[in-house]
Q: 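One structure coming up, written as structure tokens, with questions to follow.
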2 protein chains.
Amino acid sequence: MATVTGVAVTVDVVVLTIRDDQLQVLLVERGIEPFRGTLALPGGFIREHEDAEPAARRELAEETALDGGGLYLEQLRTFAAPERDPRGRVVTIAYLAIAPDLPVPVGGSDARAARWQPVASVLAGTVALAFDHREIVVHAVDRARSKLEYTTLATAFCPEVFTMSELRRVYEVVWGVSIDARNFHRKVTTADDFLEPTGERRVLSTGRPAALYRRGAARTLFPPMLRGAFPPAPSGTTT
Amino acid sequence: MATVTGVAVTVDVVVLTIRDDQLQVLLVERGIEPFRGTLALPGGFIREHEDAEPAARRELAEETALDGGGLYLEQLRTFAAPERDPRGRVVTIAYLAIAPDLPVPVGGSDARAARWQPVASVLAGTVALAFDHREIVVHAVDRARSKLEYTTLATAFCPEVFTMSELRRVYEVVWGVSIDARNFHRKVTTADDFLEPTGERRVLSTGRPAALYRRGAARTLFPPMLRGAFPPAPSGTTT
DNA sequence: TCAAAAGTGTTAGTGCTACACCCATGA
DNA sequence: TCATGGGTGTAGCACTAACACTTTTGA
């Protein structure tokens, strides 16, 4: 048996949304050292008798006043590089969450300012993040991109009822491509249980009113939504 | 800031292989309490200055005498249920490894007997596993099944050089389906960089000699190998 | 009646399935 | 020359991509 080392375990959450036709990530400004004043993913230490996913939802609620309950949330992966935290050995279980376009979150009980930041600026390194949080965001975005293909995850970016264009915008923004509206419409309406028509229509400022949909029961999408060959994955992951 | 709880972190590895036309998993018999004498996944505590993946390879080498270096290995997910280990708070980072059909491993330095066990017996509950290791195996098998579709992972089950039938057997055994040999041949030979012909042939006891292949540089497979709609995933995961 | 957005129909192309057929070897 | 497994050709089907066309609204 090897030595049992006391390790601190945290959870960090990458919340993605679409705002202003951009993929954005929710960040908080750190109120304490290390990296005080730097932007970081919302997250924190897991409690004594707490499982990881509840911890992720709790931290999200505390730090960003985002309703952890209703959000799509899945475990991403765990980051355990020995020197990733200057305070000592801290292993973090990273989560991916998807939110619809919400009102700007305010700072949570920890009194840190929570705000949306375009993912592009994080990936480009224009906005610096604490710890290895940029790497975590890279993995999260990659996971989200993959899952749009073969799951119904895209609906998690939409409010409870949404139009076909809103759903299509999700694919276009997350993949950074443009999609033929006609073929897209056919594809998603013929997929079993992807969408459930509400029967309602939404009148836009101009143009024909769009039918409104709700997410259906399906969680996987077959055949998948193709986007051609996979772009390069971050550091050897194809998850 | 929340309370920092001292947590023990382990790695556990699900090594899958194909032996006797069955998907099998490598298990060790526990030499110490808790669960002494019960079968468990190879694994153990992560060291002070060690990252998780090296820890997984080290534990594998120590407990099963399997060469951790050459094996395909990827992080699966982390299990952090508060009561998963009777000794106290132990979070485990689970890994998935794929091995070709190797000579039966002997017990490693920890003097535990390491042996292959059909995955079916573990999933059915015929063979009991320590801790939540059965659940981990469920996730690992699900991941492996998914990845056969859209990556070249199947070659990791094969030795360095292999025949088309051996590769096809991988899909058949892991998915539990039968595959048309002719169409399979066409599919994998036309996929870019999936296989690299060695030019050699292997003479079987009977029948036409089969061409031998080595794995190519490709890691993803596009278009994917279809197996129809996804079967139900274990407990809410669609990873 | 025009602009804008929603939604339908049609055609060509690609990839898959199923299966007939040929090839190369040992017994 | 037969059994056995390796490998090719081809017809039909499912799905996709591209794009012309129709519908429905507000200005």
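Below, all heavy atoms of this structure are taken into account, side chains as well, without hydrogens, waters or symmetry copies. This one's a predicted model, so the numbers in the text were calculated from it and none came from an experiment. Chain naming here is simple, since letters A, B, ... match the order of the sequence lines and numbering starts at 1 in each.
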Q: Is there a donor-acceptor pair closer than 3.5 Å between any side-chain N or O of A:R219 and the backbone N or O of A:F194?
A: no
Q: Rounded to the nearest Å, what distance is computed from the CD atom of residue B:E166 to the P atom of nucleotide D:dG5?
A: 14 Å
Q: When you measure from the side chain of A:D20 to the backbone of A:Q22, do you find a donor-acceptor pair of N or O atoms at a distance under 3.5 Å?
A: no
Q: Between B:E160 and B:R214, does any NZ, NE, NH1 or NH2 come within less than 4.0 Å of an OD or OE carboxylate oxygen?
A: yes
Q: Please pick, from D:dG6, C:dA5, D:dC15, the nucleotide with the shortest atom-to-atom distance to any side-chain atom of A:P223.
A: D:dC15
Q: Mark yes or no for a side-chain to base donor-acceptor pair under 3.5 Å between B:R208 and C:dA24, with no hydrogen or angle criteria applied.
A: no
Q: Find the distance B:L226:CG to C:dG15:C1' and express it as a whole number of Å.
A: 9 Å
Q: Name the orientation class of the two ring planes belonging to A:W175 and A:Y171 (parallel below 30°, tilted from 30 to 60°, perpendicular beyond 60°).
A: perpendicular
Q: Which is true for B:T163 with a 4.0 Å heavy-atom rule: it touches a base, it touches only sugar-phosphate, or it touches nothing?
A: nothing
Q: Give me the residues of residues 171-195 of chain A where at least one heavy atom lies under 4.0 Å from an atom of DNA chain C, by number, or none.
A: A:R182, A:H185, A:R186
Q: Within the structure provided, determine whether B:V161 and B:Y213 are in side-chain contact (heavy-atom separation under 4.5 Å).
A: no
Q: Between atom CG in A:L212 and atom P in C:dA5, what is the gap in whole Å?
A: 17 Å
Q: Tell me whether the NZ or CZ atom of A:R77 lies within the 45° cone about the ring axis of A:F79 and under 6.0 Å from its centre.
A: yes
Q: Any side-chain N or O of B:T206 below 4.0 angstrom from OP1/OP2 of C:dA27?
A: no
Q: What is the distance from CZ of A:R168 to C1' of C:dA6, rounded to the nearest Å?
A: 9 Å
Q: For DNA chain C, whose closest nucleotide is more 5', that of B:R201 or that of B:P224?
A: B:P224
Q: Could you give the CZ-to-P distance, from A:F222 to C:dC16, as a whole number of Å?
A: 11 Å
